[in-house]
2 protein chains.
Amino acid sequence: MGIFEKKDIRKTAFRQKVLDVFYQNENSITIGQIETAIGKHDRITLYRTIKTFLDAGLIHEIVMPGDVKKLALCNDCEHGPNEHAAHHQHNHIHFHCAQCQEVICVDNELPNIDLEGYQIDSIEIQARGVCASCL
Amino acid sequence: MGIFEKKDIRKTAFRQKVLDVFYQNENSITIGQIETAIGKHDRITLYRTIKTFLDAGLIHEIVMPGDVKKLALCNDCEHGPNEHAAHHQHNHIHFHCAQCQEVICVDNELPNIDLEGYQIDSIEIQARGVCASCL
DNA sequence: ATATTTTTGCAACATTGTTGCATTTTATGG
DNA sequence: CCATAAAATGCAACAATGTTGCAAAAATAT
Ligand SMILES: [Mn+2]
Ligand SMILES: [Mn+2]
Ligand SMILES: [Zn+2]
Ligand SMILES: [Zn+2]
């Protein structure tokens, strides 16, 4: 049973190629990286594919400080049915390495945040520094 | 001694108008809000003004999940000289209220995050839920 | 195999932001 | 206050990124 059946979206040659790019990279990737990897292609279809993957909970979007935008496979993320990308619940930290510039989904417990007078439904944490491989 | 002298950037009529929009709003604002508030104006100059303010450490940029981009006055932020926007050190949490849609800089201690094997230089936290006014 | 549904590719458009350059505004200081 | 120098502005043109409508093609269901 492939990932497409599991997520109930149609399996097409194009989508498989895009998905492969995710599998071929250890960390999160940019749309630009996908475009380079899949060669000649249609930009519009790629955008729609990404939206499909996002809606299906196959991948998640990471927006880092400084407008660095990345995409990553969802492994440990929590998803409701058809959860909108904006309300995605990562339960990991996103780490931007200042040296190799990779943006890494680091598996770990999120700290408990408590803001007096506020009701917190979800949190998202970005960290910056030097990653394990670069240290 | 006005804020322009303090930050060593020239005071102009246009910049004063933009700055006033920040003062008139309790929370963070979008570029669109500024454009509406200052009326007929030049889009390019506004972008350059915002960059100037960012470079001067007068304001900071907030990128929330779902590509919500906002700007806010720097009050308690830490700045080195000419610190680039991407490496800005907020020391507060950014809270997005799902009800009023405001993005609020909430003053509070940041938790101590420790990732085994990683060197963390700075962190940024976004929270989502219902704000104090909406509860 | 045929019918139905979804995806794709193309063209056109929208939004957001940038760059070069001539003109205007602001700050300086005699 | 006026002349000068430095910086900010406005315009035009461009660039990057993403969206929409629609006809053709591909994928699934019967
Ligand atoms: Mn996810
Ligand atoms: Mn700041
Ligand atoms: Zn992630
Ligand atoms: Zn803030």
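Atom set for the values below is all heavy atoms of this structure, side chains included, hydrogens, waters and symmetry mates excluded. Residue numbers start from 1 in every chain, and the chains themselves are labelled A, B, ... in the order their sequence lines are given, proteins ahead of strands.
For A:I44, the side-chain atoms get nearest to D:dT20 when compared with the rest of D:dG10, C:dT18, D:dT20. Relative to the side chain of A:K69, the nucleotides D:dT9, D:dG18, C:dA11 differ in distance, and D:dG18 lies closest. When each of D:dG18, C:dC21, C:dT16 is scored by its nearest atom to the side-chain atoms of A:I31, the top-ranked nucleotide is D:dG18.
A:H90 and A:H60 have perpendicular rings, their planes meeting at more than 60° on a 0 to 90° scale where under 30° would count as parallel.
When the C1' atom of C:dG9 is taken as reference, atom CD1 of A:I38 falls 13 Å away, rounded to whole Å. Counting to the nearest Å, the P atom of C:dT15 and the OH atom of A:Y47 are 16 Å from each other. Rounded to an integer number of Å, the gap from A:L54 CG to D:dG18 C1' is 13 Å. Atom CG of B:D42 and atom C1' of C:dT16 are 14 Å apart (whole Å). To the nearest angstrom, C1' of C:dT6 lies 14 Å from CZ of A:F4. Separating the CZ atom of A:F53 from the P atom of C:dT6 is a distance of 17 Å, rounded to the nearest angstrom. We find that CD1 of A:I34 is positioned 14 Å from C1' of D:dT17, with the value rounded to whole Å. Atom CZ of B:R43 is separated from atom P of D:dC14 by 16 Å (rounded to the nearest Å).
Residue B:T45 has no polar side-chain atom (N or O) positioned under 4.0 Å from OP1 or OP2 of D:dC11. A close approach under 4.0 Å does occur between a side-chain nitrogen or oxygen of A:K51 and OP1 or OP2 of D:dT19. The shortest distance between the side-chain N/O atoms of B:R15 and the OP1/OP2 oxygens of D:dA8 is below 4.0 Å.
Along DNA chain C, the nucleotide nearest B:E35 and the nucleotide nearest A:T52 are compared for position; the residue whose nucleotide lies closer to the 5' end is A:T52.
Of the N and O atoms on the side chains of A:H96 and A:Q101, at least one donor lies less than 3.5 Å from an acceptor on the other residue. In the model, B:Q119 has a side-chain atom that pairs as donor or acceptor with a side-chain atom of B:D121 under 3.5 Å.
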Point to revise | Heavy-atom protein contacts under 4.0 Å, nucleotides 23-30 of chain C, coded B base, S sugar-phosphate only, - none | key: ---BS---
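The backbone N or O of A:G2 sits less than 3.5 Å from a side-chain atom of A:E5, completing a donor-acceptor pair. Side-chain atoms of A:H41 come within 3.5 Å of backbone N or O of A:G39 as a donor-acceptor pair.
Looking at heavy atoms from C-beta onward, A:C100 lies out of side-chain contact with A:S133 at the 4.5 angstrom threshold. At least one side-chain heavy atom of B:C105 sits less than 4.5 Å from a side-chain heavy atom of B:I62.
Donor-acceptor pairing under 3.5 Å, judged by distance alone, is present between the side chain of B:R48 and the base of D:dG10.
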